[in-house]
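Atoms within a ligand are numbered from 1 in the order they appear, just like the ligands themselves. In this text, all values refer to a predicted model and were calculated from it rather than measured experimentally.
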Amino acid sequence: MKVWLPIHNPEQVLGGLPEGVEVDVYDGSGDPPASIDEVEFYVPPYTLAQPEVWEIIPRMRSLKVVQLLTAGFEHVRPYVPQGVTLCNARGLHDTATSELALTLMLAVLRGVPDFVRAQDAGEWRFSFQSGLADKTVLIVGYGSIGAAIEQRLQPFEVEVLRVARSPRDGVAGYESLPELLPRADVVVLAVPLTEETRGMVDEKFLARMKDGALLVNVARGPVVVTDALLTELASGRLRAALDVTDPEPLPPDHPLWRAPNVLISMHTGGATAAAFPRGVRLIREQLHRYAAGQPLINVITGEY
Ligand SMILES: NC(=O)C1=CN([C@@H]2O[C@H](COP(=O)(O)OP(=O)(O)OC[C@H]3O[C@@H](n4cnc5c(N)ncnc54)[C@H](O)[C@@H]3O)[C@@H](O)[C@H]2O)C=CC1
Ligand SMILES: O=C(O)C(=O)COP(=O)(O)O
């Protein structure tokens, strides 16, 4: 069985390969391997900025499985033919992305951007800050990353509100957002980008947020209507910490760079050293499952 992996020395890195698996390396640089007609299991390189690595999928005539190293899959799904199984990297980036969500929250609520500006200017500026303790944090998209965010919020003595697509124990459904938004001091977005969530954070959504509330986006840029957010930021009513933006990357002259009360972390949510060992574990597990004819994990179904 022919497998394309983005890692060099796969046998050493993965600690051996299942019987019958032959690997060609495709890391996104140079031409794709000549075995394009035979590849059955494809792990595209870990990138969200190189469309050619997913645009070649329809050319793979023997393809059975695409295993992504990103949790987001909206950019790849249109290229995956009927009958080919698409799996995402749910779980792989939870530690890093939830860590960044906390970092952004704490940075804004404790005034870190102002410290940096004051330090650059050599000025001792005392400021009174909001802080995180005793605040209410609403997690919109209480899935794998959302739960990891809540876990990391535990010691901070906050109230956590949770919203997912459908309600379940302790988690409200999407339709409860209008009543929950006005209660939250911090709204964290951790939803996938779908037809339902594209533009979800619009003028109406933002208008329901409390004065002075903080919007944290570690999901996908187009979940937020950028112009509506810019209006709220310009009025000084809301604050935002954005790991992801629309457009992405932001062009140098984009007004979001210079909007008041915004901190931008340039889509680095999953990008820490924690991703590599977790990625290796995921590839190893999926290859062994596939070779043994067992069900794969993280299969993307038609649900979204
Ligand atoms: N900033 C970054 O670097 C990273 C961003 N991401 C983004 O985070 C997203 C979420 O990842 P996971 O937690 O692994 O996904 P997940 O599938 O485990 O959780 C998503 C949650 O969102 C909820 N949801 C879906 N549609 C909704 C709606 N209309 N309203 C309210 N809730 C809704 C689902 O019910 C689920 O609870 C990914 O799809 C990806 O786009 C993922 C990794 C890193
Ligand atoms: O897994 C995902 O969907 C990601 O967004 C990965 O993000 P990163 O590029 O690692 O910050």
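Contact check for Gln67 versus Tyr42: no side-chain heavy atoms found under the 4.5 Å cut-off.
Close approach of ligand 1 to Thr197 is summarised as follows: ligand atoms under 4.0 Å from at least one heavy atom of the residue are 26 (N), 27 (C), 28 (C), 29 (N). The atoms of ligand 1 that sit less than 4.0 Å from any heavy atom of Gly269 are 1 (N), 2 (C), 3 (O). In summary, the atoms of ligand 1 found under 4.0 Å from a heavy atom of Arg220, numbered by their order in the structure, are 5 (C), 6 (N), 7 (C), 40 (C), 41 (O). The ligand atoms of ligand 1 that sit less than 4.0 angstrom from a heavy atom of Tyr174 are 28 (C), 29 (N), 30 (N), 31 (C). Close approach of ligand 1 to Ser144 (heavy-atom distance below 4.0 Å) involves ligand atoms 13 (O), 14 (O), 16 (P), 18 (O), 19 (O). Residue-ligand proximity, His267 to ligand 1, at heavy-atom distances under 4.0 Å covers atoms 2 (C), 3 (O). Each of the following atoms of ligand 1 lies closer than 4.0 Å to a heavy atom of Val218: 1 (N), 2 (C), 4 (C), 5 (C), 6 (N), 7 (C). Every atom of ligand 1 with a heavy atom of Asp243 under 4.0 Å away is listed here by number and element: 1 (N), 2 (C), 3 (O).
A donor atom on one side chain and an acceptor atom on the other are found under 3.5 Å apart for Arg152 and Ser98. Using modelled atom types and a 3.5 Å distance limit, the side chains of Arg239 and Ser130 yield a donor-acceptor pair. Looking only at atom types and distance, the side chain of Glu38 has no donor-acceptor partner in the side chain of Ser62 under 3.5 Å away.
Under 4.0 Å is where a charged nitrogen must lie from a carboxylate oxygen, and between Arg183 and Glu159 at least one such pair does. We find that Arg165 and Glu196 are joined by a salt bridge, their nearest charged nitrogen and carboxylate oxygen being less than 4.0 Å apart. Salt bridge Arg237/Glu232: present, at least one basic N to carboxylate O contact under 4.0 Å. Salt-bridge formation is detected for the pair Arg117/Asp114: a Lys NZ or Arg NE/NH1/NH2 atom is positioned less than 4.0 Å from an Asp or Glu carboxylate oxygen. The pair Lys2-Glu22 meets the salt-bridge criterion, since a charged nitrogen lies less than 4.0 angstrom from a carboxylate oxygen.
Checked by distance only, ligand 1 and Glu74 stay at 3.5 Å or farther apart across all their nitrogen or oxygen atoms. Below 3.5 Å of separation, one finds no N or O of Gly146 facing any N or O of ligand 1. Looking at ligand 1, you'll find an N or O of Tyr142 within less than 3.5 Å of one of its N or O atoms. Polar contact check, Ile145 against ligand 1: a nitrogen or oxygen pair lies under 3.5 Å apart. Not one N or O of Thr268 is nearer than 3.5 Å to an N or O of ligand 1, by distance alone.
Between the CG atom of Asn88 and the NE2 atom of His93 there is a distance of 9.0 Å, given to the nearest 0.5 Å.
Within 6.0 Å of atom CZ in Arg110, 12 or fewer heavy atoms from other residues, nucleotides or ligands are found, so the atom counts as exposed in its surroundings.
Between the choices Gly270, Ala219, Ala275, Pro192, the shortest heavy-atom distance to atom 39 (O) of ligand 1 belongs to Pro192. Heavy-atom proximity to atom 10 (C) of ligand 1, evaluated over Ala172, Ala190, Gly72, Ser166, is greatest for Ala190. Nearest-heavy-atom check against atom 35 (O) of ligand 1 across His93, Arg165, His75 picks out Arg165.
Contact annotation for Thr97 and ligand 1: only side-chain heavy atoms (C-beta onward) come within less than 4.0 Å of the ligand.
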